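Below: one structure, written as structure tokens.
Keep in mind that this is a model prediction, so the values were computed, not measured. A note on names: the letters A, B, ... follow the listed sequences, proteins ahead of strands, and every chain is numbered from 1.
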There are 2 protein chains.
Amino acid sequence: MENILFDFMSKYVSLTEEEKNIILSFDIFHSVKKGTILLKEGQKSKSSYFVLKGCIRTYYVSDNEEKTTAFYTEMEALTPPCVITQTPSEYYVSCIEDTLLTISNSDMEAEVNDKFPKFETLCRKLSEENLAKQQINFDEFKTSSPEQRYLNLLEKRPDLIQRVPQYQLASYLGIKPESLSRVRARITEKNK
Amino acid sequence: MENILFDFMSKYVSLTEEEKNIILSFDIFHSVKKGTILLKEGQKSKSSYFVLKGCIRTYYVSDNEEKTTAFYTEMEALTPPCVITQTPSEYYVSCIEDTLLTISNSDMEAEVNDKFPKFETLCRKLSEENLAKQQINFDEFKTSSPEQRYLNLLEKRPDLIQRVPQYQLASYLGIKPESLSRVRARITEKNK
DNA sequence: TTCATTTCTTAACTTAAGTGAACGAGTTGT
DNA sequence: ACAACTCGTTCACTTAAGTTAAGAAATGAA
């Protein structure tokens, strides 16, 4: 379990055994059941998440409707904006599968960053890389139609289509569930 | 001019005169004319931009059409994804006004980050903050209609509507120029 | 297993965005 | 001043997404 994390981290910085032990000295590994809510709207939080196995999603609730905006699966990290801005959360974070993840605290991170520049380098690289990915994602979203977005998802994250309910996928694609049904029908129609 | 930059930086870390001089020892301030292309599709680059005054935009070209995805104005920083991934750029960056900006090189940043942990802290905080902003932006985009997006823009970045051509705004909002015209007509219609 | 609830799909209708074409206003270059 | 462009808007038409409602399929709990 620790190895999944350290293998991932080794892509960014090389860690000594001592440094690994410092990380392990915090109690960051958690196993959470499907349906567990990790963060609620209105709540203040200092927790960041890194998914080792499973899937978590972020969603807003307005007009009695869930609006799912992101999924985080294996090897993906989420620091909710509210942790950065230190304001109450605008959204919910929940597990859509039994999930194994690390939960780290921003105070703890600040402390470790302070003592070990190497961790700060890791954090910087990770967030730079995530920002770059996010920008490209957003650009693709803006410049394509719902149908193209669905086809794009089929190509890039086919697992999501299997493991996530359609109504959550729909808002992730920026459309209503009924429209997603039609998009799917249209596509299978074309393919025969 | 330097002061604009240092005032901005002081929000994240406090700098000594010596550290400021190190920054100034690199030739980072540039004044560029409207229309200048800072980065072309297919080009490799190590440059990040920070806008002191003016406005730059990022856009893709496909099917002989420009697709504008972002604008960066005063106090906003852009590190194109290609700089992070070290691959040829997918898009163009150009100035839509006479612009005063800093251009920094990722090699130079790596060097300074290495010598002065404080700079690395600055970079980390900046990219964490930008990632959080970007996430919220993307979420808002996903969960709203073109009309709501336009109204949202009107509220949050009214200056853009004045300083940017409509056809660029349109793709920024994920629609065609003709649709933006209609959205605007619809809104002024409602307001009387 | 059965019943209740949730999720997905289909259909009919409404609303808005995409498309192609035309027009006028404003700009640029000669 | 004039021609050539660019840009924003409008129009008519097409296509797709939103909405409302109903029913089928899947899921979960008793």
Side-chain angles (χ1 to χ4, degrees), chain A residues 33-37 55 57 59-68 71 92 94-98 141-154 160-192, chain B residues 33-37 55 57 59 61-68 71 94-98 141-154 160-192:
Chain A
K33 282 259 164 293
K34 176 174 176 173
T36 307
I37 293 183
C55 183
R57 70 186 249 259
Y59 61 100
Y60 296 76
V61 175
S62 66
D63 314 321
N64 288 321
E65 232 190 343
E66 282 184 10
K67 299 190 174 173
T68 299
F71 301 101
Y92 294 79
S94 84
C95 297
I96 60 175
E97 298 173 356
D98 290 352
F141 193 95
K142 265 187 191 169
T143 59
S144 60
S145 66
E147 181 167 333
Q148 289 173 313
R149 280 175 218 153
Y150 180 79
L151 290 169
N152 190 38
L153 193 70
L154 255 182
L160 278 189
I161 292 166
Q162 303 308 319
R163 65 209 284 194
V164 165
Q166 302 293 314
Y167 75 97
Q168 291 176 13
L169 269 187
S171 50
Y172 180 68
L173 294 170
I175 56 177
K176 301 282 164 188
E178 296 88 338
S179 295
L180 178 54
S181 264
R182 278 186 297 228
V183 168
R184 287 157 61 88
R186 222 153 53 214
I187 289 170
T188 52
E189 187 58 32
K190 282 179 191 165
N191 286 343
K192 58 164 198 195
Chain B
K33 283 259 165 293
K34 176 175 174 171
T36 307
I37 293 182
C55 181
R57 70 186 249 260
Y59 61 99
V61 176
S62 65
D63 314 320
N64 287 321
E65 232 190 342
E66 282 184 9
K67 298 189 173 171
T68 300
F71 300 102
S94 82
C95 299
I96 61 176
E97 297 174 356
D98 290 351
F141 193 95
K142 264 187 191 166
T143 58
S144 60
S145 66
E147 181 166 333
Q148 289 171 314
R149 281 174 218 154
Y150 180 80
L151 290 169
N152 191 38
L153 193 68
L154 211 48
L160 278 188
I161 291 164
Q162 303 308 318
R163 63 209 284 198
V164 165
Q166 300 294 315
Y167 74 96
Q168 290 176 14
L169 269 187
S171 49
Y172 181 69
L173 295 170
I175 55 176
K176 301 282 164 190
E178 295 88 340
S179 295
L180 179 53
S181 265
R182 278 186 298 231
V183 167
R184 287 157 62 89
R186 222 153 54 213
I187 289 169
T188 53
E189 187 57 31
K190 282 180 192 164
N191 286 343
K192 62 166 196 195

Would you mind reading off the distance between [X] atom [atom1] and [N] atom [atom2], rounded to a whole angstrom?
| X | N | atom1 | atom2 | value |
| --- | --- | --- | --- | --- |
| A:Ile175 | C:dA16 | CD1 | P | 18 Å |
| A:Ile161 | C:dC8 | CD1 | P | 13 Å |
| A:Lys142 | C:dA17 | NZ | P | 17 Å |
| B:Arg149 | C:dA16 | CZ | P | 14 Å |
| B:Gln168 | D:dT6 | CD | C1' | 12 Å |
| B:Arg184 | D:dG8 | CZ | C1' | 9 Å |
| B:Glu147 | D:dA17 | CD | P | 18 Å |
| A:Arg163 | D:dA26 | CZ | C1' | 20 Å |

### Query
Angle class for the B:Phe141/A:Phe141 ring planes (parallel below 30°, perpendicular above 60°, tilted otherwise)?
perpendicular

### Query
Does the B:Asp98 side chain pair with the main chain of B:Lys34, one donor and one acceptor, at a distance under 3.5 Å?
yes

### Query
Any donor-acceptor pair under 3.5 Å linking the side chain of A:Gln148 with the backbone of A:Ser145?
yes

State which of [options] makes the closest approach to the side chain of [X].
| X | options | value |
| --- | --- | --- |
| B:Glu178 | C:dT10, C:dT19, C:dA17 | C:dT19 |
| B:Ser181 | C:dA17, D:dG8, C:dT9 | D:dG8 |
| A:Tyr167 | D:dA17, D:dG18, C:dC8 | C:dC8 |
| A:Lys176 | D:dG18, C:dT7, C:dA17 | D:dG18 |
| B:Gln166 | D:dT19, D:dG8, C:dG18 | D:dG8 |

### Task
Have a look at A:Arg186 and say if it touches a base, only the backbone sugar-phosphate, or nothing, with a 4.0 Å heavy-atom cut-off.
sugar-phosphate

### Query
Contact class for B:Arg182 vs. all strands (heavy atom < 4.0 Å): base, sugar-phosphate, or nothing?
base

#### Entry: Worked verdict on A:Phe71 versus A:Ile96 for side-chain contact (heavy atoms from CB on, under 4.5 Å)
CA-CA 9 Å; A:Phe71 301 101; A:Ile96 60 175; 4.1 Å; yes

### Message
Is it true that B:Arg184 and B:Ser181 share a donor-acceptor pair across their side chains at a distance under 3.5 Å?
### Response
no

